[in-house]
Amino acid sequence: MRPDSVLSSQIPNQDYGFSSCRLVGQDRGPRMPVVFVYGTLKRGEPNHHVLVDPTSTTENQPVFIGEGRTIQPFPLLIASKYNLPYALDSPGTGQRIRGEIWDVNDECLRRLDNLEKHPDYYIRRSVEIELSISDVPKEILVCWMYLLHDFHENLLALPHLEHYSSSGPHGLVYLPRESRDVENEEAIKREVKKFVEKPTSS
């Protein structure tokens, strides 16, 4: 599954190890999925091992393209008692989010879908990302990004971040799954959903 609106080209400098980048306004044949990550999947963050699976062969490993930031602002915030980073599906609100762009294969994309519980919890959408590479000025890529699409409006009142780090000055340390005080994954989802789901009308 790939967004119909995504167009492809090649980044001229092959030193980036990237051969199938999708750029806005061009279409030059087959491409791999390109994912923009902004939270615990980034390098040095607690879930990076899900993105770069140490058990995968070298040829199946994702390729880091570079840092980037969203063209549109989105609300990026930390919420729930587990201090989870959420990017809300509310374009035009918040800040332009900074994160990382990765070229992944379908197997890795399925792993990420499973982690983010797409499409039941997060939704994977195509968004425009400005690639931050000095000698490729203002290249805009269309990437997959995971967004929370059903949320309580009170979340919008929380502080909006431009950049997430689990050990940032906010002091809200991410609690990994193995440390949470619930019995299983479904219980974790229910516990978090109590906080983020829209209230039912009476």
- Less than 4.5 Å apart, any side-chain heavy atom of Pro62 and any of Val52? yes
- Note on the structure: Which of Arg98, Gln95, Glu67 passes side-chain contact (heavy atoms from CB on, under 4.5 Å) with His163? Answer is Arg98
- Distance in Å, Phe36 CZ paired with Glu130 CD, rounded so as to fall on 0.5 Å steps: 11.0 Å
- Query: Is any side-chain heavy atom of Cys143 closer than 4.5 Å to a side-chain heavy atom of Ile101?
  - Reply: yes
- Where do Gly39 and Pro85 come nearest, in terms of heavy atoms and distance? CA-CG, 4.2 Å
- Note on the structure: Arg110 meets the salt bridge (Lys or Arg N to Asp or Glu O under 4.0 Å) criterion, sequence neighbours left out, with none
- Message: Any side-chain to backbone donor/acceptor pair from Arg96 onto Glu162? Under 3.5 Å, distance only.
- Response: no
- Non-hydrogen atoms of His149 and Asp120 that approach each other most closely: NE2-O, 4.1 Å
- In short, Gly99 meets Lys42 closest at the heavy-atom pair CA-CD, 4.2 Å
- Check for a donor-acceptor pair, side chain of Asn83 on one end and backbone N or O of Leu175 on the other, with a separation under 3.5 Å. no
- Query: At their closest point, which heavy atom of Ser132 faces which heavy atom of Gly68, and how far apart are they?
  - Reply: OG-CA, 3.7 Å
- For the atom pair CG (Asp150) and CD1 (Ile123), what is the distance rounded to the nearest 0.5 Å? 11.0 Å
- Item | Reported CH2-to-CD distance for the pair Trp102 and Gln61, which is rounded to 0.5 angstrom | 8.5 Å
- Report yes or no: does Tyr38 contribute a side-chain atom to a donor-acceptor pair with the main-chain N or O of Tyr146 at less than 3.5 Å? yes
- Task: Could you tell me which residues satisfy salt bridge (Lys or Arg N to Asp or Glu O under 4.0 Å) with Glu45, sequence neighbours excluded, listed by chain and number?
- Result: none
- Would a 4.5 Å heavy-atom cut-off, applied to side chains only, mark Cys108 and Leu51 as touching? yes
- Message: To the closest 0.5 Å, what do you measure between CD (Glu100) and CG (Leu41)?
- Response: 9.5 Å
- Partners meeting side chain to side chain donor-acceptor pair (under 3.5 Å) with Thr55 (sequence neighbours left out): Asp53
- Message: Between Val173 and Leu77, is there shared hydrophobic-cluster membership here, with clusters defined by ILVMFWY side-chain heavy atoms closer than 4.5 Å?
- Response: no
- Message: Nearest 0.5 Å, please: how far is CG in Leu76 from CG in Leu148?
- Response: 12.0 Å
- Note on the structure: Taken in chain and number order and not counting sequence neighbours, the residues that satisfy ring-ring contact (aromatic ring centres under 6.0 Å, His included) with His49 are none
- Just say parallel, tilted or perpendicular for the rings of Tyr121 and Tyr86, cut-offs at 30° and 60°. perpendicular
- Task: Check the hydrophobic clustering (I, L, V, M, F, W, Y; side-chain heavy atoms under 4.5 Å; chains of links allowed) and say if Leu158 and Leu84 are grouped together.
- Result: yes
- Item | Non-hydrogen atoms of Ile129 and Ile71 that approach each other most closely | N-CG1, 4.3 Å
- Item | Donor-acceptor contact below 3.5 Å, side chain His118 vs main chain Arg124 | yes
- Query: Residues two or more places apart in sequence or in another chain: which of them pass side chain to side chain donor-acceptor pair (under 3.5 Å) with Asn47?
  - Reply: Thr40, Tyr174
- Please name all residues satisfying salt bridge (Lys or Arg N to Asp or Glu O under 4.0 Å) with Arg69, sequence neighbours left out, ordered by chain then number. none
- Nearest 0.5 Å, what's the OH-CG distance between Tyr122 and Leu88? 8.5 Å
- Item | Closest approach of His170 to Ser165 (non-hydrogen atoms, all atoms of both residues) | NE2-O, 2.6 Å
- Task: Examine distances only and state if a side-chain atom of Thr70 and a backbone atom of Ile97 form a donor-acceptor pair shorter than 3.5 Å.
- Result: yes
